[in-house]
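This report concerns only the one structure given below.
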Amino acid sequence: MRPKAPRTAGRLVEEIFTALDEQTVVVPGTDAAALIVPSHANSLQAVLDSANSSQ
């Protein structure tokens, strides 16, 4: 950025990061995924543990 805007590069970078920090995106299904994914992970871990103990 500095080669294109040497006098304002620092301020522009700060403003860009401030704007990015303020942005939020809510994806439909996020709450459901937060409930379902850990449950599936636990189920898969149980299957893996069972398979490993059978060997």
Side-chain angles (χ1 to χ4, degrees):
M1 171 136 338
R2 196 160 303 283
K4 300 290 184 185
R7 289 176 280 176
T8 59
R11 181 179 54 82
L12 288 173
V13 170
E14 287 179 24
E15 289 179 7
I16 289 168
F17 278 103
T18 298
L20 289 172
D21 287 339
E22 292 174 358
Q23 292 184 10
T24 59
V25 175
V26 177
V27 177
T30 300
D31 292 336
L35 296 173
I36 294 168
V37 170
S39 174
H40 283 293
N42 290 334
S43 296
L44 290 172
Q45 186 64 56
V47 170
L48 182 61
D49 291 344
S50 176
N52 286 336
S53 66
S54 297
Q55 294 177 352

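Position 1 is the first residue of the sequence, and the numbers go up from there. Only a predicted model underlies this, so the values are computations on that prediction, with no experimental measurement involved.
- Within a 6.0 Å radius of CG in Asp31, other residues, nucleotides and ligands contribute 12 heavy atoms or fewer.
- Heavy-atom minimum distance, Ala9 versus Arg2: CB-CA, 3.7 Å.
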For residues 12-26, please give each side-chain donor-acceptor pair under 3.5 Å, one per line with the distance, not counting sequence neighbours.
{"from": "Glu15", "atom 1": "OE2", "to": "Arg11", "atom 2": "NH1", "distance (Å)": "3.0"}
{"from": "Thr18", "atom 1": "OG1", "to": "Glu14", "atom 2": "O", "distance (Å)": "2.9"}

Contacts under 3.5 angstrom, residues 39-51 side chains, donor-acceptor by atom type, not counting sequence neighbours:
{"from": "Asn42", "atom 1": "ND2", "to": "Pro38", "atom 2": "O", "distance (Å)": "3.3"}
{"from": "Ser43", "atom 1": "OG", "to": "Ser39", "atom 2": "O", "distance (Å)": "3.2"}
{"from": "Gln45", "atom 1": "NE2", "to": "Asp49", "atom 2": "OD1", "distance (Å)": "2.8"}

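- In the hydrophobic clustering (ILVMFWY side chains linked at under 4.5 Å, chained through shared members), Leu35 stands by itself.
- Every residue was checked against the side chain to side chain contact (heavy atoms under 4.5 Å, CB included) condition with Arg7, not counting sequence neighbours, and none meets it.
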